[in-house]
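Notes for the one structure printed next.
Since the structure is predicted, the reported quantities are computational estimates derived from the model, not experimental observations.
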Amino acid sequence: RKYAIRDGAILFAGALPYFRVGVAVGVVDPGVGTERHPIAIRTARGDVLVGPDNGLFRPVAEALGGIAEARILENRDLWLPSATSSTFHGRDIFSPVGAHLAAGTPFEAVGPVLPTDELVPLALPTAVRHDGWLETGIVYLDSFGNARLAGRPDDLAAAVGPLEPGRPLVVEIGDAREPLHLTWQKTFGQLAVGAPLLYQDSSGTISLSDNQASIAARLGLRVDDSIRIRAA
């Protein structure tokens with residue numbers, strides 16, 4: 001989605017670990033031209049991430065072993081030689097710096113160190129196990145209208161018991177909606193078209209979906225909606 005820093009962060013984190021170690025430029029930057037820092041991050045795996053300091057790199061850096069060092073992009077010799085615009089740093093700063101780094105420019109040359117505890121955080125819902133229910137939230141809505149939730153099947157099983165295909169569950173969304181009665185399933189085709197389900201998605205996390213339909217549109221779901229899952 002346009003301007004969605006979290007969407008970019010989640011997609012980036014899902015893809016980059018499968019690339020070989022190198023330089024990656026990421027640009028989801030609704031704060032372009034403001035006080036936010038242009039940065040480069042070196043990960044523990046050895047990757048270098050170049051882009052805005054707005055939380056975009058937090059999940060992928062964690063997936064790559066954590067943040068080893070961060071620096072502010074202040075060396076203008078590595079930027080595009082022409083005048084820098086205030087609205088297109090992806091072209092004028094991030095891509096040129098990324099290219100220089102990929103061509104062998106030392107990481108230290110980009111600019112001064114930025115303490116890692118000063119990097120902008122990215123708040124995401126978390127999964128909390130309770131006796132008989134799982135507290136979670138919507139992390140990401142994909143283009144099919146599926147809702148990726150915080151937590152993995154192990155978290156849900158620890159809260160409600162074993163997850164066998166067809167296991168009845170109840171999903172409570174926020175405080176105003178009616179509870180949603182559905183089942184845990186291995187895959188979509190086990191159900192009729194339009195039927196709701198919970199399942200382990202391709203990223204290994206819990207997802208909430210309608211088979212061949214958008215549960216996000218049907219229920220008016222939004223990122224960060226609180227979710228409670230309990231046994232039926």
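The salt bridge (charged side-chain N to carboxylate O under 4.0 Å, His left out) analysis of residues 123-132, with sequence neighbours excluded, yields the pairs Arg129-Asp155. Evaluation of the salt bridge (charged side-chain N to carboxylate O under 4.0 Å, His left out) test over residues 187-202, restricted to residues two or more places apart or in two chains, returns Arg148-Asp201.
Within the 4.5 Å cutoff, the side chain of Ile173 has heavy atoms near those of the Leu221 side chain. Between Trp79 and Asp77 there is no side-chain heavy-atom pair separated by less than 4.5 Å. Counting heavy atoms from C-beta on, the side chains of Leu78 and Leu73 never come closer than 4.5 Å. Side chains of Ser214 and Phe144 form no contact here, defined as non-hydrogen atoms less than 4.5 Å apart. Side-chain contact between Leu80 and Ile93 is absent, with no heavy atoms from C-beta onward closer than 4.5 Å. Looking at Ile41 and Leu119, their side chains come closer than 4.5 Å, going by heavy atoms from C-beta outward. Counting heavy atoms from C-beta outward, Val170 and Leu180 have side chains that stay 4.5 Å or more apart. Using a 4.5 Å heavy-atom cutoff, the side chains of His181 and Pro168 are not in contact.
Note that the CD atom of Glu69 and the CD atom of Glu108 stand 6.0 Å from one another [nearest 0.5 Å]. Taken from CG in Leu49 to CZ in Arg42, the straight-line distance is 11.5 Å, to the nearest 0.5 Å. Ile206 contributes atom CD1, which lies 7.5 Å from atom CG of Leu163 (distance to the nearest 0.5 angstrom). To the nearest 0.5 Å, atoms CG (Asp29) and CD1 (Ile5) are separated by 7.5 Å. Expressed to the nearest 0.5 Å, how far CD1 of Ile229 lies from CG of Leu134 amounts to 5.5 Å. Taking CD1 from Ile39 and CD1 from Ile67, the interatomic distance works out to 7.5 Å, rounded to the nearest 0.5 Å.
Between Gly55 and Ala9 the shortest heavy-atom distance is O-CB, 4.2 Å. Scanning both residues, Leu197 and Asp210, for their nearest heavy atoms gives CD2-C, 4.3 Å. Nearest heavy atoms, Pro125 versus Arg6: CD-NH1, 3.8 Å. Closest of all the heavy-atom pairs between Val110 and Ala40 is CG2-CB, 4.4 Å. When every heavy atom of Val27 is checked against every heavy atom of Leu56, the shortest pair comes out as N-CD2, 4.0 Å. Across all their heavy atoms, Ser226 and Arg228 have their closest contact at OG-NH1, 4.1 Å.
The main-chain N or O of Gly90 is found under 3.5 Å from a side-chain atom of Ser95 such that the two form a donor-acceptor pair. At least one donor-acceptor pair closer than 3.5 Å links the side chain of Asp53 to the backbone N or O of Val120. Panel note: side chain Thr136, backbone Ala150; a donor-acceptor pair is recorded below 3.5 Å. When atom types are taken as modelled, the side chain of Arg167 and the backbone of Ala232 share no donor-acceptor pair closer than 3.5 angstrom. Within the 3.5 Å criterion, the main-chain N or O of His100 finds a donor-acceptor partner in the side chain of Thr105. A donor-acceptor pair under 3.5 Å is formed between the side chain of Asn54 and the backbone N or O of Val28.
Note: Phe12 and Phe57 have tilted aromatic rings, judged against thresholds of 30 and 60 degrees for the angle between ring planes.
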Item to check | Residues Asp142, Tyr140; criterion side chain to side chain contact (heavy atoms under 4.5 Å, CB included); working and verdict | outcome: CA-CA 6 Å; Asp142 69 19; Tyr140 176 69; 3.7 Å; yes
Next on the checklist: For a side chain to side chain contact (heavy atoms under 4.5 Å, CB included) check, start with the C-alpha distance between Gln200 and Thr205, then their side-chain angles and the critical distance, and finish with the verdict.
Outcome noted: CA-CA 5 Å; Gln200 179 177 321; Thr205 53; over 6 Å; no
Next on the checklist: For a side chain to side chain contact (heavy atoms under 4.5 Å, CB included) check, start with the C-alpha distance between Leu141 and Val223, then their side-chain angles and the critical distance, and finish with the verdict.
Outcome noted: CA-CA 7 Å; Leu141 297 171; Val223 168; 4.3 Å; yes
Item to check | Derivation of the side chain to side chain contact (heavy atoms under 4.5 Å, CB included) call for Arg177 and Asp225 | outcome: CA-CA 11 Å; Arg177 298 180 177 92; Asp225 278 350; 3.8 Å; yes
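Ile215 is connected to Leu156 through a chain of hydrophobic side-chain contacts under 4.5 Å among Ile, Leu, Val, Met, Phe, Trp and Tyr, so both are in one cluster. Neither Leu182 nor Leu191 shares a network with the other; the hydrophobic side chains, linked directly or stepwise wherever heavy atoms of I, L, V, M, F, W or Y lie under 4.5 Å apart, form separate groups for each. Hydrophobic clustering (side-chain heavy atoms under 4.5 Å, transitive across Ile, Leu, Val, Met, Phe, Trp, Tyr) keeps Val171 apart from Phe188. Tracing side-chain contacts under 4.5 Å through hydrophobic residues (I, L, V, M, F, W, Y), one reaches Leu64 starting from Phe19; they form part of the same cluster. One hydrophobic cluster holds both Leu198 and Val160 under the rule that ILVMFWY side chains link at heavy-atom gaps under 4.5 Å.
A salt bridge links Asp7 to Arg1: at least one charged side-chain nitrogen sits closer than 4.0 Å to a carboxylate oxygen. Salt bridge status for Arg45 with Asp47: present, with a side-chain N to carboxylate O gap under 4.0 Å.
Enclosure of atom CZ in Arg91 by more than 12 non-hydrogen atoms of other residues, nucleotides or ligands within 6.0 angstrom is indicated. The number of heavy-atom neighbours closer than 6.0 Å to CZ of Arg76, taken from other residues, nucleotides and ligands shown, is 12 or below.
The closest side-chain donor-acceptor pair between Arg71 and His37, if any, does not fall under 3.5 angstrom. No hydrogens or angles considered: a donor-acceptor pair under 3.5 Å links the side chains of Ser85 and Asp92. Looking only at atom types and distance, the side chain of Tyr199 has no donor-acceptor partner in the side chain of Thr187 under 3.5 Å away.
Under the ring-ring contact (aromatic ring centres under 6.0 Å, His included) criterion, Phe107 pairs with no residue at all, not counting sequence neighbours.
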